[in-house]
Amino acid sequence: MSSATGGDRGLESSLEASISSTCSYGSTRARIFKIIVIGDSNVGKTCLTYRFCTSYFPERTEATIGVDFRERCVDIDGERIKVMMSA
Ligand SMILES: Nc1nc2c(ncn2[C@@H]2O[C@H](COP(=O)(O)OP(=O)(O)OP(=O)(O)O)[C@@H](O)[C@H]2O)c(=O)[nH]1
């Protein structure tokens, strides 16, 4: 049990480290918003998340097997927000 807890902490701290190096101001941590996009097949979920996270619309897509994951940092009212999207 203690090793499982330690493992969780390791994952958590490695996530925090990656966030702080890419999505923060100085020592201020970014807030994280996790968004799950759901809907029927072939309605544009992948394109929506790709467009939001990269600013480009994909020319071709294939049916997603499993889950697509993307992320982007945005500044809202001077605060850095990390948006994590699954589709
Ligand atoms: N006209 C138009 N076509 C779009 C739009 N968004 C996506 N498409 C097209 O719709 C098709 C499906 O887009 P995807 O983003 O792959 O759809 P999806 O919902 O992720 O599909 P699954 O992975 O099968 O669930 C692609 O051919 C896109 O080019 C849009 O806003 N307008």
Side-chain angles (χ1 to χ4, degrees):
M1 174 125 172
S2 61
S3 63
T5 307
D8 288 348
R9 251 190 253 123
L11 176 61
E12 196 173 299
S13 58
S14 69
L15 286 173
E16 286 170 0
S18 78
I19 290 165
S20 65
S21 64
T22 59
C23 192
S24 67
Y25 290 125
S27 60
T28 307
R29 276 192 209 154
R31 295 173 72 193
I32 300 174
F33 285 76
K34 296 180 180 178
I35 299 172
I36 299 174
V37 181
I38 56 174
D40 287 343
S41 181
N42 213 37
V43 295
K45 302 180 298 295
T46 300
C47 291
L48 177 72
T49 60
Y50 191 91
R51 175 71 176 83
F52 179 78
C53 293
T54 68
S55 299
Y56 295 102
F57 191 90
E59 287 186 17
R60 278 190 308 168
T61 59
E62 293 178 357
T64 304
I65 308 293
V67 179
D68 261 347
F69 176 80
R70 297 188 174 80
E71 62 185 41
R72 174 186 167 188
C73 292
V74 294
D75 292 321
I76 299 176
D77 291 338
E79 183 178 3
R80 182 146 285 200
I81 308 288
K82 185 172 184 124
V83 181
M84 304 170 101
M85 304 185 88
S86 302

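Just follow the structure's listing: the first ligand is 1, and inside any ligand the first atom is 1. Computed from a predicted model, the values in this text were never measured in an experiment. What you see below is based on every heavy atom in this structure, not just the backbone, and it leaves out hydrogens, waters and symmetry mates.
Under the side chain to side chain contact (heavy atoms under 4.5 Å, CB included) rule, S86 has a single partner from D68, I38, V67, which is V67.
From the protein, the heavy atom lying nearest to atom 24 (O) of ligand 1 is S41 OG, 2.9 Å. What sits closest to atom 22 (P) of ligand 1 on the protein, heavy atoms only, is N42 N, 3.6 Å. Taking atom 5 (C) of ligand 1 as the reference point, the nearest protein heavy-atom neighbour is F57 CZ, 3.7 Å. Among all protein heavy atoms, the one lying closest to atom 25 (O) of ligand 1 is K45 NZ, 2.7 Å.
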Report task. Please test T46 against T64 for side chain to side chain donor-acceptor pair (under 3.5 Å), starting from the C-alpha separation and ending with a verdict. Result -> CA-CA 8 Å; T46 300; T64 304; 3.1 Å; yes
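One hydrophobic cluster, built from ILVMFWY side chains closer than 4.5 Å, holds both I76 and I35. In the hydrophobic cluster analysis, where Ile, Leu, Val, Met, Phe, Trp and Tyr join through side-chain heavy atoms closer than 4.5 angstrom, V74 is grouped together with M85. Note on L48: it does not cluster hydrophobically with M84, by side-chain heavy-atom contacts below 4.5 Å among ILVMFWY residues.
Cation-pi geometry between R70 and F52 is not satisfied (NZ or CZ under 6.0 Å from the ring centre, within 45° of the ring normal).
The distance criterion of under 3.5 Å between nitrogen or oxygen atoms is met by T46 with respect to ligand 1.
Side chains of Y50 and F57 form no contact here, defined as non-hydrogen atoms less than 4.5 Å apart.
With a heavy-atom cut-off of 4.0 Å, T61 touches ligand 1 through its side chain alone.
Listed for the K45 side chain is a donor-acceptor partner under 3.5 Å among the backbone atoms of D40.
Across G66, C47, P58, G44, heavy-atom proximity to atom 17 (O) of ligand 1 is greatest for G44.
Contact annotation for atom 9 (C) of ligand 1: protein absent (non-hydrogen atoms, distance under 4.0 Å). Distance check for atom 2 (C) of ligand 1: every protein heavy atom is found at 4.0 Å or beyond.
Residue contact check for ligand 1: Y50 places no non-hydrogen atom closer than 4.0 Å to it.
Remark: ligand 1 atoms within the under-4.0 Å shell around heavy atoms of A63 are 23 (O), 24 (O).
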